[in-house]
Amino acid sequence: MVCGFRYNEWHGDPKNGIPENTPFYQLARTLCSRCGLQGERHQRQPNPKYRSLEAEYYDYFVGKRGINFYRQWLAAYHDQASVLDLGIGTGRLAVKLLKDGASVTGVDWSEDMLAVAERRFNRFNHDIELIHEDILYFSLNKKDVT
């Protein structure tokens, strides 16, 4: 019950083509019509990884929304910030944070997005750690996390 949607076998889910009287167990491995979580266990399904040209041109399509918020927040509350950027992607936010003096550890599951980020960071003299891993299974293995 992550999203609050309740499946009623009697009514089915006509919006998504599930006829009346369809038992819940038959919907295993299908997606919730409200939140996109999967069937019986209601587990979130992974988004597709950005690959090839999707990764190369990602920054041209997403814009800079939100970057200033994070920069201002870090400036207001932290002198020397250490940032864990989950889903670092191409590093468009991280490069700004690095310029502001933060140290960054970036995690992403798309090798192609990390390759774009690595090229971006190679142009600057900043210390950044990039980790190729799915954040759902990521373990930082650091004891000094604040």
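The first residue of the sequence shown is numbered 1, and numbering continues consecutively from there.
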Between [X] and [Y], is there a donor-acceptor pair closer than 3.5 Å when you use the side chain of the first and the backbone of the second?
X	Y	result
D112	A55	no
R120	V95	no
D108	G89	yes

**Item:** side-chain contact (heavy atoms from CB on, under 4.5 Å) between E56 and R119, worked out
**Value:** CA-CA 11 Å; E56 293 293 328; R119 284 196 309 270; 2.7 Å; yes
**Prompt:** Is it the case that more than 12 heavy atoms not belonging to E133 sit under 6.0 Å from its CD atom?
**Reply:**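 Count over threshold, so yes.
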**Message:** Using the rule given for side-chain contact (heavy atoms from CB on, under 4.5 Å), can you reason through I88 versus I128, listing the C-alpha separation, both sets of side-chain angles and the distance that settles it, and then say yes or no?
**Reply:** CA-CA 11 Å; I88 192 169; I128 183 167; 4.1 Å; yes
**Message:** Assess the residue pair E9 and E20 against the criterion (side-chain contact (heavy atoms from CB on, under 4.5 Å)); give the C-alpha distance rounded to whole Å, side-chain angles, the decisive distance to 0.1 Å, and a yes or no.
**Reply:** CA-CA 6 Å; E9 292 182 353; E20 296 173 357; over 6 Å; no
So how far is it from [X] [atom1] to [Y] [atom2], rounded to the nearest 0.5 Å?
X	Y	atom1	atom2	answer
R71	K96	CZ	NZ	6.0 Å
I135	D85	CD1	CG	9.5 Å
H11	I18	NE2	CD1	15.0 Å

**Item:** ILVMFWY network linking L130 to V83, side-chain heavy atoms under 4.5 angstrom
**Value:**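 Per the 4.5 Å side-chain linkage, L130 and V83 are co-clustered.
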**Cluster link F69 to L97, ILVMFWY, side chain under 4.5 Å** =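 Looking at the clustering, L97 is in the same group as F69.
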**Prompt:** Hey, are the side chains of I131 and T105 touching, using non-hydrogen atoms and a 4.5 Å cut-off?
**Reply:**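 In contact.
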**Item:** Side chains of L114 and W109 in contact at under 4.5 Å (non-hydrogen atoms)
**Value:**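 A side-chain contact under 4.5 Å is absent here.
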**Prompt:** What are the two closest heavy atoms between L98 and S103, and how far apart are they?
**Reply:**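 Between these two residues, the closest heavy atoms are CD2-CA, 4.5 Å.
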**Message:** Give me the atom names and distance for the closest heavy-atom approach of F121 to A94.
**Reply:**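 Smallest interatomic distance, heavy atoms only, reads CZ-CB, 3.7 Å.
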**Item:** Verdict with reasoning, Y70 to L93, per side-chain contact (heavy atoms from CB on, under 4.5 Å)
**Value:** CA-CA 8 Å; Y70 291 108; L93 170 61; 3.9 Å; yes
